[in-house]
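Heavy atoms only: backbone and side chains are in, while hydrogens, waters and symmetry mates are out.
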Amino acid sequence: MSKVVRKNYPELGEVKAPYVHSVRHNGTLYISGLTAFGTAAQHSGIAGQAEEIFGQIRKIISAEGTEFSALIKVTIFITSFEEIHDLRKVLYRHYGDHLPASSLVEVSRLFSPDLSIEIEAIFAL
């Protein structure tokens, strides 16, 4: 049986729900949906929140010994398409030449009314 490693990262804040920040399995890193909740970016627009989330992702992948070029797939949940152009600028900047498979889903709301985006990601290790 393959080893499964479930992990939280204290620098991302305490998890108070039934999940972990990441799970490693068979050379793949699965990162839970991350938001800007509890950060200075929580009350900013979608671009500011996305920047915060990508900062969190970078902390996780650094701790796990991989990099953004190993990004396989993202799923992005947004509450409105009104700021999509600002979001795309952030995405292109962080992806660089390593575009992932991607899903972009509009949802009616996230768990806090201040949040406009949540991103989950899958990386190769």
Taking the side chain as everything from C-beta on, heavy atoms only, tell me whether [X] gets closer than 4.5 Å to [Y].
X     : Y      : result
Glu51 : Gln49  : no
Arg24 : Val4   : no
Leu99 : Tyr92  : yes
Leu87 : Ile78  : yes
Thr35 : Ile119 : no
Gln56 : Thr39  : yes
Thr79 : Glu106 : no

Open item on the list: Test side-chain contact (heavy atoms from CB on, under 4.5 Å) on Val74 and Tyr95; report intermediate values, then the result.
Closed with: CA-CA 11 Å; Val74 293; Tyr95 298 159; 3.2 Å; yes
Inter-residue atom distance [X].[atom1] - [Y].[atom2], 0.5 Å rounding:
X     : Y      : atom1 : atom2 : answer
Ile84 : Ile46  : CD1   : CD1   : 6.5 Å
Ile31 : Ser22  : CD1   : OG    : 6.5 Å
Leu12 : Ser32  : CG    : OG    : 10.5 Å
Gln42 : Ser116 : CD    : OG    : 10.0 Å
Phe77 : Ile117 : CZ    : CD1   : 10.5 Å

Open item on the list: For the CZ atom on Arg93, are there more than 12 heavy atoms of other groups (residues, nucleotides or ligands in this structure) within a distance under 6.0 Å?
Closed with: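 Count over threshold, so yes.
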Open item on the list: Can you confirm whether Lys73 is buried at NZ, in the sense that more than 12 heavy atoms of other residues, nucleotides or ligands lie under 6.0 Å from that atom?
Closed with: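 Yes - once you tally the heavy atoms of other residues, nucleotides and ligands closer than 6.0 Å, there are more than 12.
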- [ ] Might you work through the side-chain contact (heavy atoms from CB on, under 4.5 Å) test for Leu125 and Thr28, ending with a clear yes or no?
- [x] CA-CA 5 Å; Leu125 293 173; Thr28 305; 6.0 Å; no
Open item on the list: Any salt bridge linking Glu64 with Lys7? Criterion: basic side-chain nitrogen under 4.0 Å from a carboxylate oxygen.
Closed with: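 Here Glu64 pairs with Lys7 in a salt bridge, since their nearest N and O are under 4.0 Å apart.
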- [ ] Inspect the contact between Arg58 and Glu67 and indicate whether a charged nitrogen and a carboxylate oxygen are less than 4.0 angstrom apart.
- [x]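 Salt bridge flag = no for Arg58 with Glu67.
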Is there a chain of hydrophobic side chains (I, L, V, M, F, W, Y, each step under 4.5 Å between heavy atoms) that links [X] to [Y]?
X      : Y      : result
Leu115 : Ile57  : no
Leu104 : Leu91  : yes
Ile53  : Val107 : no
Ile60  : Ile122 : no

Task: Chi angles and distances behind the side-chain contact (heavy atoms from CB on, under 4.5 Å) call for Leu71, His98 - done: CA-CA 7 Å; Leu71 180 61; His98 307 285; 6.0 Å; no
Task: Side-chain donor/acceptor of Asp86 to backbone N/O of Ala47, under 3.5 Å - done: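 No.
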Open item on the list: Between Ser2 (side chain only) and Asn26 (backbone N and O only), is there a donor and an acceptor less than 3.5 Å apart?
Closed with: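 No, Ser2 side chain to Asn26 backbone: no donor-acceptor pair under 3.5 Å.
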TODO: Tell me, with the steps shown, if Leu34 and Glu118 meet side-chain contact (heavy atoms from CB on, under 4.5 Å).
DONE: CA-CA 5 Å; Leu34 300 175; Glu118 181 171 333; 5.9 Å; no
- [ ] For the pair Phe54 and His94, name the ring-plane relationship: parallel under 30°, tilted 30 to 60°, perpendicular over 60°.
- [x]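 Rings of Phe54 and His94: parallel, as their planes differ by under 30°.
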TODO: Please work out which of the three classes, parallel, tilted or perpendicular, describes the rings of Phe123 and Phe68, given edges at 30° and 60°.
DONE: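 The arrangement is perpendicular - the two ring planes meet at more than 60°.
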